[in-house]
Amino acid sequence: MNKLNHTQRSQGLRAGNAMDILQKGNTQVSRWQGTHQSQTALHTTEVDKQDRHQVIAEHYQQLSPQERANTQVLATNKADNDKLNAALRHQLDKTGQLSEKRVEIPVLNPVYLSPEQQASIKNYQKGMIFNEINDGKMTRYKVEKVNTKAKTLQLIDADKNRRYFNVADAKNTTFFVSQPSTLEVAAGDRLVLKMALH
């Protein structure tokens with residue numbers, strides 16, 4: 001499935017298969033071979049992304065540190081971005097350009113939810129971080145339980161205070177969610193810090 005729009009967003013406009021969309025839209029399809037109509041249809045497909053990621057990684061590792069500092073490798077969605085980063089890092093590691101000493105640091109990966117998705121309980125998981133903003137002050141909670149029948153989240157703050165949030169109230173509340181994770185880093189890794197100030 002193709003997704004079109006902002007590269008840092010996880011949602012996108014679903015473009016689908018262009019040939020299917022054209023055919024469903026009552027667009028006439030003509031097939032030609034040379035100067036004669038034919039029964040052969042030409043469909044183009046993308047090269048395997050894994051192969052493309054490997055070629056990009058090999059090319060990137062051959063760049064000088066100065067060239068790397070001026071190079072940006074972009075992907076159109078988070079899944080491709082993660083796979084591309086893994087391929088780049090593996091290639092640098094394989095060629096000895098990363099230190100053997102590794103450190104894991106905690107990170108929060110944003111979960112981009114549209115207003116409609118915020119109001120749906122199925123988009124929340126135990127362990128997510130729920131950040132609520134009231135009067136310019138942010139309060140951080142951890143999602144302790146997800147009650148799908150009542151459509152509520154059981155939240156707990158750093159002081160072990162619990163509260164409940166009904167996702168039906170999402171439109172009246174300013175909040176954002178993120179998924180905690182860890183990131184392994186080594187000397188030689190290039191890190192970019194993305195921080196949203198709310």
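In this chain, numbering begins with 1 at the start of the sequence shown.
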* Considering residues at least two apart in sequence or located in another chain, which fulfil the side chain to side chain donor-acceptor pair (under 3.5 Å) criterion with R68? ->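 Testing R68 for side chain to side chain donor-acceptor pair (under 3.5 Å), a comparison that skips the adjacent residues, returns Q97.
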Which residues pass the side-chain contact (heavy atoms from CB on, under 4.5 Å) test with [X], not counting sequence neighbours?
| X | answer |
| --- | --- |
| S120 | K122, N123 |
| E67 | L63, S64 |
| K145 | Q154 |
| T174 | I133 |

Is there side-chain contact between [X] and [Y], with at least one heavy-atom pair below 4.5 Å?
| X | Y | answer |
| --- | --- | --- |
| I129 | V177 | no |
| Q118 | F176 | no |
| N134 | T139 | no |
| S178 | N109 | no |

* To do: Scan for salt bridge (charged side-chain N to carboxylate O under 4.0 Å, His left out) pairs involving residues 86-99, sequence neighbours excluded, and state none if there are none.
  => R89-E184, R89-D189, D93-R102
Taking [Y]'s backbone N and O only, do any of them form a donor-acceptor pair with [X]'s side chain (distance below 3.5 Å, no angle check)?
| X | Y | answer |
| --- | --- | --- |
| T95 | L92 | yes |
| N70 | Q66 | yes |
| N147 | A150 | yes |

* Do E58 and Q54 have side-chain N/O donor and acceptor atoms under 3.5 Å apart? ->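 Per modelled atom types, E58 and Q54 side chains form a pair under 3.5 Å.
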* To do: Step through the shown structure and confirm whether more than 12 heavy atoms of other residues, nucleotides or ligands are within 6.0 Å of CG on D135.
  =>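 Result for CG/D135: open.
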* List the steps, then state whether side-chain contact (heavy atoms from CB on, under 4.5 Å) holds for E132 with K137. => CA-CA 8 Å; E132 183 176 25; K137 183 182 173 196; over 6 Å; no
